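Just the heavy atoms: all of them, side chains too, but no hydrogens, waters or symmetry mates, feed the values below. These numbers were taken from a predicted model, which means no experiment stands behind them.
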Amino acid sequence: MSTIQTLTKLRQLRLSAMAQALQLQLEQPGTYDELSFLERVDLLINTELENRHQRRQQRRIKAADFSLPASLNEIEYDPKRNLSRQQIAPLGQCDWLNRAENLLVTGPTGVGKTYITSALGYSACLLDYSVYYARVPHLLRQFDQAKATGTFSKTLQRLGSVALLIIDDWGLQPLNDNQRHDLLELMEQRYRRTSTALISQLPTDQWYASIGDATLADAILDRLMHNAHRIELKGESMRKKYTVQSTTQ
C-alpha cells in the first residue's frame, strides 16, 4: 500500500490530524528513527486527540456567543475593585459547575462585570463545559419567538441543559407577568442541575423589587441565591480609566 493511499484512508476516517502527523514523520525520518513502532503510533494518536480537543474548545466558545473576548490572565486585581485572585482562582477551576452552584456579579456600570464573568465562561469552555451568554432582552426575545413557533419547550430544554448560562443586564428592565413566568420556568429547569451566572448593576437586595411580583420574585431568586458565589465589584469605570490613559500617552 502506498503512502498516498494510507493518508487518504486516514482522512476518509476523519483522522486528518493523524494524517498530517504521519506525513511529518515520513518527511523527517531521522527524527523518529530511535522510536519504536508503538511509540510512533502513540505520537500519531496523541496528535489526533489534541486536535479534536482544540476543535471542541473552539466549538464551545463559538456556541457560547460571548459579547467580548476575555481571559482570566488579563483581569486586573485591585483592592479598590473589591476583587482578589483568591476569589477568582477557585472559580476559574470550574468545580462549582460540577456542584451546580450559581454566580452573582454586581457593581456599577463599566467596572468589568461582563469581562470577569465572560473570562470565567471562557475558562469553562476550555475545560469542556457548555456555556451560553445572553443579555436579558435577547433571552426574553428568544422566549417570545419560541412561543410563536411552537418551540418553547425545546428552547427551554436547550437553555436548561447548558452547564453555565450567563445572563447579563439582570434587573435593568421591567418584566411583565409572562416574562416573569418564563424566567421561573427556566430557573426551575436549571435548579440543582446546572449553573447560572447573573450580571447586574443593581445590588442583590434590589432584585426582588426589580422583578415586580413578590411571589414570583421569591420563587425565582430562591433558586438562584441560596447556593451562589458573589462578586460585588466597586470602583470607577474601567472604560473611563482606559480612556484617560489613552489620551495621556
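When the shell of 6.0 Å around CZ of Arg192 is examined, it contains 12 or fewer heavy atoms from other residues, nucleotides or ligands. Counting heavy atoms of neighbouring residues, nucleotides and ligands inside a 6.0 Å radius, atom CD of Glu27 exceeds 12 of them. Around the NZ atom of Lys234, the shell of radius 6.0 Å holds no more than 12 heavy atoms that belong to other residues, nucleotides or ligands. Shown here is Arg11, whose CZ atom has more than 12 heavy atoms of other residues, nucleotides or ligands within 6.0 Å. Counting non-hydrogen atoms of other residues, nucleotides and ligands closer than 6.0 Å to CD of Gln206 gives a total above 12.
Side-chain contact check for Thr196 and Arg190: at least one donor-acceptor pair (N or O, by modelled atom type) lies under 3.5 Å. No side-chain donor-acceptor contact under 3.5 Å links Tyr191 and Asn227. Checked by atom type, the side-chain pair Glu50/Gln54 shows a donor-acceptor distance below 3.5 Å. Side-chain polar atoms of Gln142 and Arg158 form a donor-acceptor pair below 3.5 angstrom. Side-chain atoms of Asp168 and Tyr133 include a donor-acceptor pair closer than 3.5 Å. For the residue pair Ser195 / Asn102, no side-chain donor-acceptor distance below 3.5 Å is found, with atom types taken as modelled.
A pairwise comparison of heavy atoms in Tyr129 and Arg60 identifies O-CD, 3.6 Å as the closest pair. Ser71 approaches Ala119 most closely through the heavy-atom pair C-CB, 3.7 Å. Summarising the geometry of Leu97 relative to Ala124, their closest heavy-atom pair is CD1-CB, 3.8 Å, with the distance given to 0.1 Å. Of all heavy-atom pairs spanning Leu186 and Gly160, the tightest one is CD1-N, 4.2 Å. The heavy-atom pair separating Arg135 from Asp169 by the smallest distance is NE-OD2, 2.7 Å. For the pair Leu120 and Gly92, the tightest heavy-atom approach, listed with the atom from each and the gap, is CD2-N, 3.7 Å.
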Could you please spell out the steps behind the side-chain contact (heavy atoms from CB on, under 4.5 Å) verdict for Trp96 and Leu103? CA-CA 9 Å; Trp96 59 289; Leu103 175 65; 3.8 Å; yes
Steps toward side-chain contact (heavy atoms from CB on, under 4.5 Å) verdict (Ile88, Leu72): CA-CA 8 Å; Ile88 297 299; Leu72 292 178; 3.9 Å; yes
Assess the residue pair Tyr115 and Glu74 against the criterion (side-chain contact (heavy atoms from CB on, under 4.5 Å)); give the C-alpha distance rounded to whole Å, side-chain angles, the decisive distance to 0.1 Å, and a yes or no. CA-CA 10 Å; Tyr115 187 93; Glu74 300 298 325; 3.1 Å; yes
Does the pair Leu24 and Tyr32 meet the rule for a side-chain contact (heavy atoms from CB on, under 4.5 Å), with working shown? CA-CA 10 Å; Leu24 180 64; Tyr32 304 94; 3.9 Å; yes
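A donor-acceptor pair under 3.5 Å is absent between the side-chain atoms of Gln23 and the main chain of Gln20, judged by distance alone. Arg193 places a side-chain N or O within donor-acceptor distance of the main-chain N or O of Gln189, the cut-off being under 3.5 Å. Judged by distance alone, with hydrogens and angles left aside, the side-chain atoms of Lys113 form a donor-acceptor pair with the main-chain N or O of Pro108 at under 3.5 Å. Asn82 places a side-chain N or O within donor-acceptor distance of the main-chain N or O of Glu232, the cut-off being under 3.5 Å. Distance alone, capped at 3.5 Å, places no donor-acceptor pair between the Arg56 side chain and the Asp128 backbone. Between the side chain of Arg180 and the backbone N or O of Leu175 there is at least one donor-acceptor pair closer than 3.5 Å. Side chain of Gln58 to backbone of Arg55: no donor-acceptor contact under 3.5 angstrom is found. No donor-acceptor distance shorter than 3.5 angstrom exists from the side chain of Ser118 to the backbone of Phe66, with no hydrogens or angles considered. Proximity of a side-chain donor or acceptor of Thr194 to a complementary backbone N or O of Ala163 within less than 3.5 Å is not detected. For Ser130 (side chain) and Leu164 (main-chain N/O), no donor-acceptor pair under 3.5 Å exists by modelled atom type.
Using a cut-off of 4.0 Å between Lys/Arg side-chain N and Asp/Glu carboxylate O, Arg223 and Glu188 are scored as salt-bridged.
In the hydrophobic cluster analysis, where Ile, Leu, Val, Met, Phe, Trp and Tyr join through side-chain heavy atoms closer than 4.5 angstrom, Met225 is grouped apart from Leu91. No chain of hydrophobic side-chain contacts below 4.5 Å, direct or via other Ile, Leu, Val, Met, Phe, Trp or Tyr residues, connects Ile211 to Leu172. Linking ILVMFWY side-chain heavy atoms closer than 4.5 Å, directly or via other members, places Phe143 and Tyr132 in a single hydrophobic cluster. By the rule that hydrophobic residues join a cluster once side-chain heavy atoms approach within less than 4.5 Å of another member, Val136 and Tyr208 end up as members of one cluster. A single hydrophobic cluster is seen to contain both Leu184 and Phe152, as judged by linkage of ILVMFWY side chains at heavy-atom distances under 4.5 Å, directly or through other members.
Taking the side chain as every heavy atom from C-beta outward, Trp207 and Leu104 approach each other to under 4.5 Å. The side-chain heavy atoms of Ile116 and Leu233, taken from C-beta on, include a pair separated by under 4.5 Å. Counting heavy atoms from C-beta outward, Leu139 and Leu183 have side chains that approach closer than 4.5 Å. Under the 4.5 Å side-chain criterion, counting only non-hydrogen atoms from C-beta, Thr117 is not in contact with Ile231. A heavy-atom distance below 4.5 Å is not found between the side chains of Gln57 and Cys125. For the pair Thr47 and Met18, the minimum side-chain heavy-atom distance is 4.5 Å or more. The side-chain heavy atoms of Val105 and Thr114, taken from C-beta on, include no pair separated by under 4.5 Å.
In this structure, the separation between CG on Leu140 and CD on Gln145 is 11.0 Å, given to the nearest 0.5 Å. We find the NZ-CG distance between Lys154 and Leu156 to be 13.0 Å, quoted to the nearest 0.5 Å. Here the CG-CG distance, from Leu44 to Leu49, works out to 11.0 Å after rounding to the nearest 0.5 Å. Rounding to the nearest 0.5 Å gives a distance of 9.5 Å between CZ of Arg52 and CZ of Arg59. Separation of atoms CG (Leu127) and OH (Tyr122) is listed at 15.0 Å; rounding is to 0.5 Å. Atom SG of Cys94 is separated from atom CD of Glu101 by 12.0 Å, given to the nearest 0.5 angstrom.
With side-chain heavy atoms closer than 4.5 Å counting as contact, directly or through intermediates, Ile4 stands alone and belongs to no larger hydrophobic cluster.
Of the residues listed (Ile75, Val111, Asp78), the one engaging Leu83 in a side-chain contact (heavy atoms from CB on, under 4.5 Å) is Ile75, and it is the only one.
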